[in-house]
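In listed order, ligands and their atoms are each counted from 1. These numbers come from the heavy atoms of this one structure, side chains and all, not from hydrogens, waters or symmetry mates. Small disclaimer: the values here were computed from a predicted structure and weren't measured.
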Amino acid sequence: MSLPNIDSQALLDFLTQLLNTPSPTGFTEQAISLCEDFLSEWPELTLSRTNKGALVAQVSGTSDAPWRALTAHVDTLGAMVKDIKSNGRLKLTKLGGFAWNTVEGEGVTVFTREGKSIRGSILLTKASTHVHGGDVSKTDRNDDTMEVRLDANNAKETQALGINVGDFVAFDPRVEINHGFIRSRHLDDKACVACLLFALKSIKDVGLDLPATTILHISNYEEVGHGASAGIPSQVAELISVDMAAVGEGQSSDEFNTTLCVKDSGGPYHYGLSQRMRTLAEQHEIPYKVDIYPYYGSDGEAFWRAGGDVAVALIGPGVDASHSYERTHLDALLATTQWCMAYMLS
Ligand SMILES: [Zn+2]
């Protein structure tokens with residue numbers, strides 16, 4: 001059986017919209033709602049939210065085969081206001097694991113309690129070369145040496161903007177698409193959310209049914225390690241974690257293929273399910289690589305650690321410069337979407 005076609009332009013349009021919807025971990029309501037609106041096109045799906053805010057879509061299967069689940073996360077790296085300094089600038093605390101130099105100079109939006117969006121930029125506290133000379137390049141980038149410069153001159157003016165300790169801060173994604181390449185922050189893991197949703201859409205658009213009851217789980221706390229630890233129903237026997245593949249020196253993943261990760265920092269994934277995914281990719285001529293990620297954890301492992309008794313496999317598109325200004329290619333997104341479809345239809 002050949003797989004349904006994917007509307008690539010619609011996938012890229014949705015991905016762009018999702019990337020431009022700020023969703024640092026802990027502040028994901030808007031992005032979850034966007035996914036919920038997308039899925040509400042099919043009234044036969046049962047949509048629900050977990051108490052911690054993840055989105056769960058249940059698609060009934062035509063058989064009583066063991067249930068399956070696929071998960072991807074909408075939460076991203078970001079920050080939170082730690083302190084308002086006397087000069088009106090903001091000290092931040094990180095949300096998720098990244099190096100400060102990867103966001104240096106980036107535009108940010110601070111979300112106030114009253115619902116206002118305040119713009120600023122992330123800079124070194126001693127940023128000017130004309131004032132600090134060689135120290136600018138030598139300074140260690142950390143919570144104390146990085147700050148947000150707002151268009152305010154002192155703490156009073158910053159407070160007058162409505163900013164408080166605990167406000168969420170999102171980094172500008174800077175989405176650009178150029179002959180198939182997609183450059184943006186937070187392709188991890190919004191690229192995979194788009195793949196997952198478009199796998200279902202492409203199947204639904206041609207009127208196909210799924211053989212097994214299938215859960216799509218859109219997680220909202222992955223970057224801090226416990227995203228999919230809840231919200232996977234107990235009937236589920238297999239979980240596919242759909243998340244970015246780590247591209248770089250010594251890695252076999254690239255931006256044009258989808259990847260099966262067989263081991264990461266949390267150890268090996270489920271051998272039987274991983275082998276089945278490989279067989280499916282080969283049957284459908286889906287371009288894929290097999291890789292091992294040295295500094296990486298997934299929502300599949302989060303569910304395992306929470307006691308989930310399921311087989312877990314991890315697939316996803318290669319993403320260059322992950323947790324920095326990332327890049328992937330449409331080819332990898334299409335391959336990942338096809339793989340999700342092949343699994344859902346198998
Ligand atoms: Zn991720």
Side-chain angles (χ1 to χ4, degrees), residues 15 18-19 21-28 31-32 35 52-55 69-79 94-99 102-103 170-171 173 175 182-197 199 216-229 231-232 239-248 251 253 255 257-267 269 289 291-306 312-328 332-333 335-337 339-340:
L15 174 57
L18 186 59
L19 288 165
T21 304
S23 55
T25 303
F27 195 72
T28 52
I32 288 283
C35 298
K52 78 176 186 188
L55 177 65
L70 300 100
T71 186
H73 64 96
V74 287
D75 64 303
T76 71
L77 303 174
K94 289 182 201 173
L95 300 175
F98 62 94
T102 60
V103 290
F171 311 139
V175 189
I182 304 121
R183 265 176 286 137
S184 179
R185 291 189 187 280
H186 314 322
L187 288 170
D188 172 13
D189 187 32
K190 290 178 172 179
C192 297
V193 172
C195 291
L196 198 49
L197 297 187
L216 300 193
H217 178 277
I218 308 298
S219 158
N220 64 333
Y221 278 96
E222 193 277 346
E223 292 293 358
V224 292
H226 61 77
S229 59
I232 308 287
L239 172 63
I240 306 289
S241 201
V242 191
D243 209 335
M244 52 139 280
V247 171
Q251 295 298 107
S253 306
E255 295 161 273
N257 284 269
T258 187
T259 302
L260 176 80
C261 174
V262 289
K263 176 185 181 283
D264 63 19
S265 310
Y269 284 89
K289 304 273 185 177
D291 210 348
I292 289 167
Y293 309 153
Y295 305 103
Y296 194 104
S298 77
D299 254 345
E301 288 161 338
F303 188 55
W304 265 349
R305 289 208 176 83
V312 178
L314 172 62
I315 64 167
V319 168
D320 184 61
S322 53
H323 283 198
S324 181
Y325 187 46
E326 300 169 342
R327 191 183 71 173
T328 190
L333 302 188
T336 304
T337 308
W339 215 354
C340 292

(request) Would you name the N/O/S atom of D188 that lies closest to the Zn ion (ligand 1)? (result) OD1
(message) Taking N, O or S atoms only and a limit of 2.8 Å, check whether C192 reaches the Zn ion (ligand 1).
(response) no
(request) Taking S253 for its side chain and V247 for its backbone only, find out whether a donor-acceptor pair lies under 3.5 Å. (result) no
(message) If I take the Zn ion (ligand 1) as the centre, what angle separates the OD1 atom of D243 from the NE2 atom of H73? Nearest 10 degrees is fine.
(response) 100°
(request) Please name the pair of heavy atoms, one in C35 and one in V193, separated by the smallest distance, quoted to 0.1 Å. (result) SG-CG1, 3.7 Å
(request) Identify which one of T258, D243, N257 satisfies the side chain to side chain donor-acceptor pair (under 3.5 Å) criterion when paired with T336. (result) T258
(request) Provide the closest heavy-atom pair for Q251 versus P294 in the form atom of the first, atom of the second, distance. (result) OE1-CD, 3.7 Å
